[in-house]
Amino acid sequence: MKLYFATGTCSFSPHIVLQELGMPYDLVRVNNKTKQTSEGSDFRSVNPKGYVAALQLETGTVLTEGPAIVQYLADLRPETGLAPANGTIGRAQLQEWLSFINSEVHAGVGPLFNPAFPDEARTIFRDKLAKRLEVIVARLAGNDYLMGDTFTVADAYLFTVFGWFPHLAIDLGAWPVIAAYVKRIEARPSVAAARAREADIAMVA
Ligand SMILES: N[C@@H](CCC(=O)N[C@@H](CS)C(=O)NCC(=O)O)C(=O)O
């Protein structure tokens, strides 16, 4: 398996999951501006959508969209508990969280990185985001992870998105439950190991 990644982006979520699985994988760095990769290709020839993450399987099939990638990966090693079994209510609830993170949180903060995003729209997005965070706070009060006691792929994704907040001058300390959650996941060996693997791959022009 080969993960196409760009540091500091949502591709970190499947990267954490790969580390949690303990399976071998290759990494290819993508320059998200030029679309050049560390293997010398134009990333758009791998993923015509032009954005990370993309997971290339041994068969050559390329899977994109973070929520799909992490579920595929989790199902390779069901014994890890990274996702409840397909067809169960637990799996549907995991997908409920993945959808929420993807469409309400990830897509809610993405435009805030764009300096051209108008201030008025910025305020609307920030207010909406604060409401979405209330949902997460309510869930994490009394639960270590989104699905309860068990770390799942949804936590890998949410942790990754929360990693962007300091860059947007959003202080997670305002939500102690979230700050504690981030700290809890930060302590997982998979997070440090994924960071170290990414740092080993030279930047691409
Ligand atoms: N719908 C995609 C969105 C992926 C996405 O937003 N990727 C960003 C990094 S977090 C990216 O590579 N952006 C570069 C671009 O769009 O050119 C998913 O959920 O995986």
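Everything numeric in this text was worked out from a predicted model, so none of it was measured. Note that ligands are numbered from 1 as they come in the structure, with each ligand's atoms numbered from 1 the same way.
Listed by atom number, the atoms of ligand 1 under 4.0 Å from His106 heavy atoms are 6 (O), 10 (S). Atoms of ligand 1 found under 4.0 Å from any heavy atom of Lys35 (numbered from 1 in listed order, with element): 14 (C), 15 (C), 17 (O). Every atom of ligand 1 with a heavy atom of Asn32 under 4.0 Å away is listed here by number and element: 11 (C), 12 (O), 13 (N), 14 (C).
By the salt bridge (charged side-chain N to carboxylate O under 4.0 Å, His left out) test, Arg139 pairs with no residue at all, sequence neighbours left out. With sequence neighbours left out, Asp144 forms a side-chain hydrogen bond (donor to acceptor under 3.5 Å, both in side chains) with no residue at all.
Proximity of Val30 to ligand 1, defined as any heavy-atom pair under 4.0 Å, is not found for any part of the residue.
If you check which protein heavy atom lies closest to atom 19 (O) of ligand 1, you get Asn102 ND2, 2.9 Å. Here the heavy atom of the protein found nearest to atom 2 (C) of ligand 1 is Glu65 OE1, 3.1 Å. In terms of protein heavy-atom proximity, atom 10 (S) of ligand 1 is closest to Cys10 SG, 2.6 Å.
Residues Glu96 and Arg91 are not paired through a salt bridge, judged by the lack of any N-O separation under 4.0 Å between the basic side chain and the carboxylate.
Here's the thing with Gly66: one of its N/O atoms is less than 3.5 angstrom from an N/O atom of ligand 1. At least one N or O atom of Val52, backbone or side chain, sits closer than 3.5 Å to an N or O atom of ligand 1.
Considering only non-hydrogen atoms, atom 13 (N) of ligand 1 lies nearest to Tyr51 out of Tyr157, Tyr51, Trp164.
Two rings, from Phe162 and Phe165, have their centers less than 6.0 Å apart.
Here the closest non-hydrogen pair linking Thr64 and Ala54 is CG2-CB, 4.1 Å.
Remark: Arg29 fails to qualify as a cation-pi partner of Phe5 under the 6.0 Å distance and 45° angle criteria applied to the six-membered ring.
Residues Tyr51 and Leu55 do not share a hydrophobic cluster, clusters being chains of Ile/Leu/Val/Met/Phe/Trp/Tyr side chains in contact below 4.5 Å.
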